[in-house]
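Worksheet: the structure to be examined is printed underneath.
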Amino acid sequence: MHLPPLYLDPRVEPLLRSVLQSTDLLHTLVDGLGSPLNLVLPEQIVASVERFRAVYRRHHLSGGIFFAHKANRSSALVRQLAATEAGIEVASLAELQHALGAGFTPDRITATGPKNPEFLWLAARAGAIVNVDSRAELLELVALVGRHGLPRVRVMLRLSAFEAPGVTVLSRPSRFGTPVAEVAGLLEAVERHGDAVELIGVSYHLDTIGLAEKAVALEACVKVMDECRRRGLRPRAIDIGGGFGVDYLADEGQWQRYTSELGNAVLGRRPALTWQGHGYGLRAEAGTLRGTLGLYPAHRPVAAADYLDELLSLPAPSLGRPLATLLLENLYDLHIEPGRALVDQCGVTLAKVLQVRHTSSGECLVRVEGNAGDIGLEARGVLMDPIVVPRTGGRPGPTEPVGVYLVGNLCLEADLITRRMVHLPGAPAPGDLLAFANTAGYAMDFDADHAQQQPIARKVAAYQANGTWRWRLDPQYWPNVPTGEAQ
Amino acid sequence: MRYESITEAIGDTPLVRISPLVHGLKNIDLYAKLEMLNPFGSVKDRAAWSMARPRLDGAVERGDTIVELSSGNTAKALAVIAGMHGLPFRSVTNRMRVPEVKDLLLLLGAQIEELPGQTECLDPTNTDDPLTRIHRMLSEADSGYLHTDQYYSPLNTEAHLTGTGPEILRDLDGRAPDYFIACVGTAGSSTGVASVLRRSNPAIEVVGLVADKSDFIPGIRNIDEVHEVGLFDPDTYDTIDTVTADEAIDGLLVLNRRCGMLAGPTGGGAYHGALRHLRAVDEELTERRTAVFIVCDRIESYLSYVRQRRPELLNQPPRRNSVATLTEAELAAVTSIDVDAARKWIAAEHPLVVDLRGSFAYAALHIEDSINIVDELFEELLHGGLPFGKKQPVLLACPVGEKSVRYAALLTRMGHPDVRSLAGGIIGWRDAGAPLVRD
Ligand SMILES: Cc1ncc(COP(=O)(O)O)c(C=O)c1O
Ligand SMILES: Cc1ncc(COP(=O)(O)O)c(C=O)c1O
């Protein structure tokens, strides 16, 4: 049986495409700096900020766009962002230090998540916005301000466990934030400690792609804000967190076909598409598919800034007005914390092909210098083909499409870059590079470690000057600084 | 016809011929099985009653809650049945995307729970999805639930094996049709009917219709989702075909406008899919053939679905005094005044200050002595004429001074001599430090 290849081509925008076409540069970089190698594109993040800002303008809204730093550790991206109007959301002491060092003034920093005492202290001392996770954390902050005679700290209250009118909209329970039902106690504490904290608003971050849940949460926040006003507090902003998503794939048809065929493979109606019949959460029971596909919906026509636009255009579940109108007419600013969506198209991970061989059962294994920790797409459930960047010269013309398994550089049976068979338009050869596009959001350094003393991928910032691509090691990159290179 | 209970009116639905003038087939008689005429409105009345009835006595004794994963019609029928027997009904769904259906279920007393969306920060090793958890909870002994389990229960198919299928045979004088076409949701109706008809005519061709993968047709599955349905057996169908939402709407328009059958989207989809299939064979036929398709439910619950996809079908002629008809010149001619000028004008001439924001926002903070007429309502008022006298000067205020300009232009066109717009709106007012009050 000869079945057509099932490609999952990445969506690649012009800037990323341009760097991927600079074949010599990519090979030179990997030859010099080793494989795997991460490339980030600081110019692109500026464009992302602008796309979100355009949605604000369309709805006449103001407020901050805070990059969720956890999506990528790159200094170049963060420094470039510091040169724009954007803010940054930090979730650890080190992220806060990094942001301060990259040039973010404290008024542009918001500190989220549960905080250890050091993190809390530096945030308070510097004057960042503290997104308070719980009542206990609020009291800890108040004590700290008092003890050290710090100026009043601007706080937002992170809320959770929202309830919808009419229809129960189930949400996964969150470990973070104060349940709205307990908000009265929290507000009393804020009022009591008005000398230590200034309430500037309330916030949420929901880990879901469901718009309905977010509409419920946003309206609930507007109501809590009103309760704050009734108590004489003067909050101004609602922070709706991140989770705007990324559209990873170029072609909807490919994604639809792939997921259909995956189901067929699990049901045994076609040859396996995965290593040892792995089902990505699906399984067959008496000829019926059971379970849930545990994959990121890689084709998302409405993602990133468009997703924000769609959310803001939804009617508030009980008040009926579009959410953007509701925010606007209540005079509230909107804060957002996009992570993945802001670094969309901002990077690529390169890995060198070491060996191509066939197993006795006929499977084609492509071994690369790098492992699943370095190329973190699989861990995030994102299925997307790498692009083969051939070594220049000495290659025969295009070959037959092949299905290969990508294996890594660890001596673990489980060290597959992805458990699915990857279809490529031609078999790669040792020395070629595999370019994994669009890895800047959570797939570069979120999981990378030193297992087996393999090196962690270096990061390079690539940028254009006078129509050619230039690069710096990530720690060496500063925006808008004359480079001294020959012009 | 006299019945003791409304449930006795379930089934025995008419089989009605579609006029050849409408369908244009030369050699095929096409019949619609009008399941929409069941008492609660759909084909699912049969399945709901069949699944619930044998367990009702026990459930009533224990006070169980009836529960089902349903996007609409099964939930509707079960809500009624539960209500008739004094039991609560709960519908758990991630597919309820039609607001009218949702509201109707609430009206019938159902509790609706919507499943959460997929997580954004995916952990692929987590197999504990919400649906699996619910199934586990329902299958525990003494759970307090009567789970009708429409995607797996043989009683669903049974309703059509003993009801729908034999009725079609009877109405065709015992001769099974040559073609049978139906949309597939739980597969209960198509499986039951197909099995009866095939027994009588092994040469019958059965066409199952599902939604196109990128599309959504309320009540049925798409080509991938059918594999998650326990009752679905690919061997039931000679052909599985897809229909798009657009085709379903085209089909329902023909049934609604030309056949007097007020069918919903899946009825329309079945008609469209039937014709597509039958047209391809009609030319080649040398003797008469018969085909039957199912009309599952009625159109009324899907008006917002139609409006969203084909707004032109519901378009009204433009109404008079509408902001949509304003010209650039009319907008440019509006008198907009800044906060300072507005405060002086208010002090000197006491214009009527109309705040166009929503009532929730107005109640929270507003300009003293202003009145609140929310923009939607204001627009409605203006369709009728000027809502205040021409001697009364008016200042319009909205959040940023954009909508107020439009309404000021419209009032000017309607002949009002002194209406002004607050430049920068209430936000500008606040930012200028002017007072806002809360009552
Ligand atoms: C508080 C908070 N804000 C923002 C984000 C960023 O989410 P995303 O990258 O999906 O936009 C996260 C992610 O976990 C978060 O926890
Ligand atoms: C509107 C509508 N059409 C068609 C169907 C399909 O019927 P069945 O579930 O018997 O396949 C359903 C069932 O849910 C439905 O609600």
Side-chain angles (χ1 to χ4, degrees), chain A residues 60 62 164 166-172 206-214 222-223 225-226 229-230 242-245 252-253 256 259-260 263-264 266-267 280-281 285-292 294-297 316 319-321 325-326 328-331 339-340 378-382 442, chain B residues 90 92 94 96 102-103 105-106 111-127 129-132 151-152 213-214 223-234 355-365 374-376 398-400 402 425-427 430-431 436 438:
Chain A
H60 305 289
S62 18
V167 169
T168 308
V169 178
L170 298 176
S171 258
R172 285 179 190 72
L206 296 182
D207 180 14
T208 177
I209 68 175
L211 283 163
E213 292 160 73
K214 289 179 177 169
V222 170
K223 292 185 174 172
M225 292 284 275
D226 198 55
R229 276 182 173 167
R230 200 189 57 73
F244 302 96
E252 165 165 16
Q256 307 290 20
T259 43
S260 293
N264 285 331
V266 170
L267 288 171
Y280 287 107
E285 269 175 33
T288 297
L289 268 190
R290 290 280 207 164
T292 304
L295 289 177
Y296 191 87
L319 296 171
R321 307 282 278 172
T325 306
L326 192 63
L328 187 65
E329 61 190 16
N330 279 283
L331 320 180
R340 189 196 295 269
E378 180 88 351
R380 309 266 86 78
V382 177
Y442 299 105
Chain B
R90 185 190 289 182
V92 183
N94 53 7
M96 196 159 315
K102 205 185 268 192
D103 285 347
L105 285 173
L106 291 171
Q111 304 159 16
I112 305 175
E113 284 185 358
E114 293 199 353
L115 293 167
Q118 201 177 337
T119 69
E120 174 63 42
C121 266
L122 190 82
D123 174 4
T125 56
N126 181 6
T127 53
D129 67 286
L131 214 51
T132 309
Y151 289 103
Y152 288 86
K213 195 166 171 184
S214 56
I223 187 74
D224 281 3
E225 291 164 343
V226 289
H227 295 301
E228 299 159 12
V229 174
L231 299 178
F232 176 77
D233 174 358
D355 187 331
L356 299 166
R357 297 176 301 152
S359 53
F360 186 83
Y362 173 84
L365 283 177
V374 59
D375 49 20
E376 299 154 359
C398 71
V400 290
E402 197 193 51
I426 304 287
I427 290 184
R430 177 201 60 189
D431 291 347
L436 289 168
R438 181 186 178 101

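- Here the closest heavy-atom approach between residue V400(B) and residue L328(A) is recorded as CG1-CD1, 3.8 Å.
- Ranked by heavy-atom pairs under 4.5 Å with chain B, the list E213(A), M225(A), E329(A) is led by E329(A).
- For the set T325(A), V222(A), L326(A), the count of heavy-atom pairs under 4.5 angstrom toward chain B peaks at V222(A).
- Listed by chain and residue number, E227(A) satisfy the salt bridge (Lys or Arg N to Asp or Glu O under 4.0 Å) test with R230(A) (two or more places apart in sequence, or in another chain).
- Using a 4.5 Å cut-off between heavy atoms, E402(B) contacts chain A through its side chain alone, with no backbone atom that close.
- Per-residue heavy-atom pair counts under 4.5 Å with chain A were compared for D355(B), V229(B), I223(B), D233(B), and the maximum is reached by V229(B).
- Under the side-chain contact (heavy atoms from CB on, under 4.5 Å) criterion, A364(B) pairs with D226(A), R229(A), N330(A), R438(B), not counting sequence neighbours.
- Your options are G242(A), S260(A), A212(A), and the one with the most heavy-atom pairs under 4.5 Å with chain B is S260(A).
- No part of V226(B) comes within reach of chain A, as not one of its non-hydrogen atoms sits under 4.5 angstrom from that chain.
- In terms of heavy atoms, R321(A) sits closest to L356(B) at NH2-O, 3.7 Å.
- With a 4.5 angstrom heavy-atom cutoff, D431(B) touches chain A only via side-chain atoms.
- Heavy-atom pairs under 4.5 Å with chain B peak, among A286(A), G320(A), G245(A), at G245(A).
- Looking at L206(A), there are no atoms closer than 4.5 Å to chain B (heavy atoms on both sides), in backbone or side chain.
- Residue contact with chain B, scored on non-hydrogen atoms closer than 4.5 Å, involves the side chain of E252(A) exclusively.
- The minimum heavy-atom distance linking H227(B) with T288(A) is given by the pair O-CG2, 3.3 Å.
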